[in-house]
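Because the structure is a prediction, the values reported are computed rather than measured.
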Amino acid sequence: MKESEIQVGTVVELPRGGRIVRTPIGGIQVGAPPETIKDTLVTPESVPRIFVLPHDLFHWQKGINVGDMEFPIYFNFFIRKQKVTICCTEEQGARLSVAIRESVFGPGKLDLRQDLFSDDPDSWVPDISRELSFFRGALALEDLFDIVCFKDDVVEIDGVHIRSTPDSFQFSWDGLEAVSVPAAVSYTPQYDIGERLSTPFVPPRFGVTCLGPSHGFDPHDNTSGFIIWLNHSGIMVDPPVNCTEWLLQSNVNPKFIDSIILTHCHADHDAGTFQKILQEGRVTVYTTPTIMQSFLRKYASFSGEHPDFLRSLFDFHPVYIDQSFYVHGGEFAVYYSVHSIPTMAFRLTFQDKSFVYSSDHQNDPDIHESMLAGGTIDQRRYEQLKSFPWDADVIYHEAGIAPLHTPVTYLANLPEDVQRRITCFHIAEKDFPGDSLLSRASFGIENTRYLDTAPPPYEEAYRVLDVLKQLDFARDMSVPKVQQFFGIVERQTFRAGEHIIRKGTRGNYFYIIMNGNAAVLVDNLVRGKALGAYDYFGEVALMTDSDRTADVIAESEVEILSIERSRFLNFIAGTEFETVLRRLIRNRSEETWNLLAEGLPFVHLTDYQRMWLESVLQPREYGASEVLVEYGAAVQEVFLVRDGRLLVAEEGGKTNTLQRGMLAGNMGELHRQQPSTVRVTSETKVSVFSIAFDDVKGFLDRNPGAVMRVNDGTQPLSEPDGVSSLRGSADDLRSARASARAEAIALYAAPPAAGP
């Protein structure tokens with residue numbers, strides 16, 4: 001379709017989410033989930049210059065910002081030389097300004113001494129504030145975009161009126177009937193996965209998997225990011241959006257990845273970080289204190305949550321530029337690269353092999369010399385940049401558009417032996433030189449690069465410990481208990497299609513999967529239970545001294561750690577795990593599993609998380625018109641409806657009726673022990689399962705993402721992808737979060753310090 005043939009008044013649904021309303025002044029985009037610029041780049045009108053932010057900027061179930069303006073702003077300013085106009089509330093404008101300032105200019109106050117391990121006042125730190133100013137020049141925030149705030153729920157731009165209602169945005173012009181689009185923005189992942197493996201992926205001792213080779217403006221390839229495999233565990237580096245879905249579809253268990261290295265806070269490097277954090281288990285994030293503070297400020301602005309709460313969702317391991325850090329047996333040495341915001345590069349050494357990642361980095365010596373001559377960098381920084389570790393066995397180097405990135409022409413003119421060791425990242429296929437000895441990163445699990453090394457000492461013990469640390473009952477295990485585990489555990493292998501457990505046979509072993517997939521086959525379940533790495537099973541027959549109640553069949557070759565019955569019972573005697581298992585055995589039934597498997601409140605949880613929740617369900621009965629939760633009372637429990645109806649009323653008078661499979665109460669309020677923002681009463685005689693804080697606090701601490709990913713059930717769950725429940729959750733928590741939002745804005749909205 002030619003631009004002249006674009007029909008004004010039509011609405012375009014973008015593949016990733018959001019919509020474009022075609023108006024007389026051009027397309028106006030409502031909502032901007034990550035990478036929707038890749039959708040709009042291939043439309044006839046290309047990237048819009050006018051945007052409307054959705055009511056709720058953060059999609060907790062997906063872990064993404066659905067008002068991601070970073071790349072649309074970059075494209076319009078740097079490519080088209082024009083500003084973006086953003087229509088939003090005054091509060092959203094303030095929050096967005098904080099986030100964009102952090103992304104474009106970096107921290108307002110920059111003190112890299114906090115990134116030193118040593119407290120020696122003579123320790124050297126590069127003055128990268130001068131480098132940031134070198135790239136920024138005279139650029140100011142107001143040069144990038146204009147904020148137009150809704151007044152009395154209406155904005156007007158060049159004759160186009162946009163009215164905001166609780167459920168929609170209505171566009172009108174020239175007296176014509178309004179064009180209406182929903183205010184809620186869903187999100188549909190779009191990415192390539194390469195080839196799905198025929199059998200589950202087994203992590204190597206040392207390897208690298210490319211999640212995407214290109215940049216944020218390339219509509220044809222995944223955005224850059226990769227996984228480093230060390231000692232059979234994974235570390236995501238600058239994960240792109242959708243990487244967990246990518247892994248699942250590639251037949252890779254995301255549980256193998258327990259760490260993230262974050263090099264800087266541009267959207268094409270940090271957008272997938274919160275997605276991973278909100279998955280099963282706790283994730284450790286490795287970065288410098290400076291970059292972590294920037295990350296928290298940015299996502300506090302997007303989400304409306306206080307930075308302290310976001311920080312509670314993951315473990316942070318500070319990285320220092322004067323001291324190596326260690327992950328899964330690998331030694332990482334870091335330094336700050338040359339970029340427009342604080343960005344760290346690293347060299348990894350594992351056994352006898354070395355790997356270097358430049359991250360975004362201007363590595364052209366001519367630029368470095370001009371920066372030295374102009375006083376932007378001193379001689380020591382110049383020597384540091386000049387000594388880039390080209391001797392590494394494998395070099396992952398970005399290649400992009402100067403001056404913020406290294407021109408691929410420079411890399412293509414390096415000595416031949418160096419070129420052969422360079423894999424280029426952050427570059428579109430059309431821009432990659434075919435006549436060089438360089439390689440372009442090849443995404444896909446099937447293209448994982450394996451680096452041969454000698455086995456490290458105690459490799460087998462490390463693998464068993466890696467399984468052990470993933471288990472909920474082993475997190476606080478003492479050293480003597482770990483020694484006991486090594487003394488009782490056995491290793492078994494089952495072929496694809498082989499029975500691990502046969503229904504009706506005597507239960508003699510407890511099982512923990514190391515690698516591979518298995519299926520639990522039970523009659524009358526709405527969906528079977530899937531088992532993968534680090535899942536355990538077989539405990540019921542052992543605890544009850546009864547026959548097996550289900551078949552468990554290996555779907556692939558499965559490597560298993562097993563413990564004989566008497567040893568297992570002795571191992572768990574007197575532990576919290578014994579208490580949890582006894583409660584699970586008491587609660588587990590077809591009904592509880594079906595409620596958790598088919599109920600939309602739990603659609604974003606894993607099977608393992610649902611099985612854990614089964615252990616804390618407490619049955620309750622209430623008569624008609626009883627109060628289960630009162631306004632303002634501390635939330636101590638939430639309720640899963642089994643039978644009957646509950647009435648949920650907000651203070652503003654809005655009510656919702658909840659039926660079977662819906663959740664009354666808010667898991668976020670439960671986790672934080674906040675006052676309830678709703679009143680819950682029984683409309684009829686009702687049967688429910690209670691989930692109490694005291695029972696679930698361990699689960700919430702170990703699975704912090706589940707707190708925000710579970711739908712709160714205060715809205716009818718009829719819209720796809722949990723959109724309505726997302727809106728309900730934000731509405732219910734609005735007053736509770738208002739003070740935190742205001743505090744976050746006040747703390748982090750100060751303008752950046754002037755450059756030298």
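Asn594 places no side-chain N or O within donor-acceptor distance of the main-chain N or O of Glu591, the cut-off being under 3.5 Å. A donor-acceptor pair under 3.5 Å is absent between the side-chain atoms of Glu446 and the main chain of Leu197, judged by distance alone. With hydrogens and angles disregarded, no donor-acceptor distance shorter than 3.5 Å links the side chain of Gln659 to the backbone of Gly644. A donor-acceptor contact shorter than 3.5 Å links the side chain of Arg282 to the backbone of Phe314. Looking only at distances, no side-chain donor or acceptor of Arg440 sits under 3.5 Å from a matching main-chain atom of Pro213. Within the 3.5 Å criterion, the main-chain N or O of Glu614 finds no donor-acceptor partner in the side chain of Thr592. A donor-acceptor pair under 3.5 Å is formed between the side chain of Ser303 and the backbone N or O of Glu305. The closest donor-acceptor contact from the side chain of Arg548 to the backbone of Gly538 lies under 3.5 Å. Put simply, the side chain of Arg506 gets close to the backbone of Asp545: a donor and an acceptor are under 3.5 Å apart.
Partners of Lys276 by salt bridge (Lys or Arg N to Asp or Glu O under 4.0 Å), not counting sequence neighbours: none found. In this structure Asp270 satisfies the salt bridge (Lys or Arg N to Asp or Glu O under 4.0 Å) test together with Lys298, sequence neighbours excluded. For Arg449, the salt bridge (Lys or Arg N to Asp or Glu O under 4.0 Å) test picks out no residue, with sequence neighbours left out. Listed by chain and residue number, nothing satisfies the side-chain hydrogen bond (donor to acceptor under 3.5 Å, both in side chains) test with Arg311 (two or more places apart in sequence, or in another chain). The side-chain hydrogen bond (donor to acceptor under 3.5 Å, both in side chains) check on Ser312 picks up nothing, with sequence neighbours excluded. Annotation: side chain to side chain contact (heavy atoms under 4.5 Å, CB included) contacts of Pro457 (sequence neighbours excluded): none. For Asp393, the salt bridge (Lys or Arg N to Asp or Glu O under 4.0 Å) criterion is met by no residue, not counting sequence neighbours. For Thr544, the side chain to side chain contact (heavy atoms under 4.5 Å, CB included) test picks out Val540, Ser546, Ile585, with sequence neighbours left out. Residues passing the side chain to side chain contact (heavy atoms under 4.5 Å, CB included) test with Glu555, sequence neighbours excluded: Asn517, Ala519. Scanning for side chain to side chain contact (heavy atoms under 4.5 Å, CB included) contacts around Arg620 gives Tyr622, Glu637, Phe639, Val688, Ser690, with sequence neighbours left out.
In this structure the side chain of Thr448 never reaches within 4.5 angstrom of the side chain of Ile227, judged on heavy atoms. The shortest distance between side-chain heavy atoms of Arg491 and Glu460 falls below 4.5 Å. Within the 4.5 Å cutoff, the side chain of Thr273 has no heavy atoms near those of the Tyr299 side chain. In this structure, the side chains of His220 and Ser214 stay at 4.5 Å or more apart for every pair of heavy atoms. Contact check for Met477 versus Gln484: no side-chain heavy atoms found under the 4.5 Å cut-off. Side-chain contact between Phe689 and Gln618: absent, with no pair of heavy atoms (C-beta onward) separated by less than 4.5 Å. A heavy-atom distance below 4.5 Å is found between the side chains of Trp229 and Phe256. Side-chain contact check for Gln275 versus Thr244: every heavy-atom pair is 4.5 Å or farther apart.
Here Tyr396 and Tyr357 keep their ring centres 6.0 angstrom or further from each other. Residues Phe295 and Phe274 bring their aromatic ring centres within 6.0 Å. Between Phe425 and Phe226, a ring centre-to-centre spacing shorter than 6.0 Å is recorded. Taking the six-membered ring for Trp and the full ring otherwise, Phe510 and Phe571 have centroids separated by 6.0 Å or more.
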Can you check side chain to side chain contact (heavy atoms under 4.5 Å, CB included) on Asn251 and Ile445, steps first, answer last? CA-CA 9 Å; Asn251 210 357; Ile445 196 69; over 6 Å; no

Give the intermediate values and the outcome of side chain to side chain contact (heavy atoms under 4.5 Å, CB included) for residues Phe350 and Ile228. CA-CA 11 Å; Phe350 180 75; Ile228 298 174; over 6 Å; no

Show, in sequence, the C-alpha distance, side-chain angles and deciding distance for Tyr534 and Asp466, and conclude whether the side-chain hydrogen bond (donor to acceptor under 3.5 Å, both in side chains) test is met. CA-CA 9 Å; Tyr534 310 137; Asp466 195 55; 3.0 Å; yes

Step by step, would you call Glu564 with Ser562 a side-chain hydrogen bond (donor to acceptor under 3.5 Å, both in side chains)?
CA-CA 7 Å; Glu564 186 271 332; Ser562 61; over 6 Å; no

Under the side chain to side chain contact (heavy atoms under 4.5 Å, CB included) rule, what do Phe325 and His317 come out as? Steps first, then yes or no, please. CA-CA 9 Å; Phe325 70 98; His317 188 291; 4.2 Å; yes

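The two residues Leu313 and Leu278 come nearest to each other via the heavy atoms CD1-CD2, 4.3 Å. Between Pro33 and Ile64, the shortest heavy-atom distance links the atoms CB-CD1, 4.5 Å. Nearest heavy-atom pair across Ala518 and Val552 is CB-CG1, 4.1 Å. Residues Ala664 and Leu646 approach most closely at CB-CD1, 3.7 Å, considering heavy atoms.
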Side-chain polar contacts of residues 493-505 - donor-acceptor pairs under 3.5 angstrom, sequence neighbours left out - could you list them?
| unit_1 | atom_1 | unit_2 | atom_2 | d |
| --- | --- | --- | --- | --- |
| Glu498 | OE1 | Arg495 | N | 2.9 |
| Thr505 | OG1 | Arg502 | O | 2.6 |

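Note: Thr284 OG1 to Ile261 CD1 = 11.5 Å, rounded to the nearest 0.5 Å. One distance of note links CG of Asn515 with CZ of Arg463; it measures 5.5 Å at 0.5 Å rounding. Atom-to-atom distance recorded for Met514:CE and Leu561:CG is 5.0 Å, nearest 0.5 angstrom. Taking CG of Asn253 as the start and CG of Leu248 as the end, the distance is 7.5 Å to the nearest 0.5 Å. Here the CG atom belonging to Leu247 is positioned 6.0 Å from the CG atom belonging to Leu211, to the nearest 0.5 angstrom. Separation of atoms OG (Ser259) and CG (Leu230) is listed at 9.5 Å; rounding is to 0.5 Å.
Side-chain polar atoms of Asp238 and Thr263 form a donor-acceptor pair below 3.5 angstrom. Side-chain polar atoms of Lys38 and Thr223 form a donor-acceptor pair below 3.5 angstrom.
Residue pairs meeting the ring pair (Phe, Tyr, Trp, His ring centres under 6.0 Å) criterion with at least one partner in residues 440-464, sequence neighbours excluded, do not occur; the list is empty.
Between Lys353 and Asp452, none of the side-chain N atoms (NZ, or NE/NH1/NH2) sits under 4.0 Å from a carboxylate O, so this pair counts as no salt bridge. The pair Glu578-Arg582 meets the salt-bridge criterion, with a side-chain N (NZ, NE, NH1 or NH2) lying under 4.0 Å from an Asp/Glu carboxylate O.
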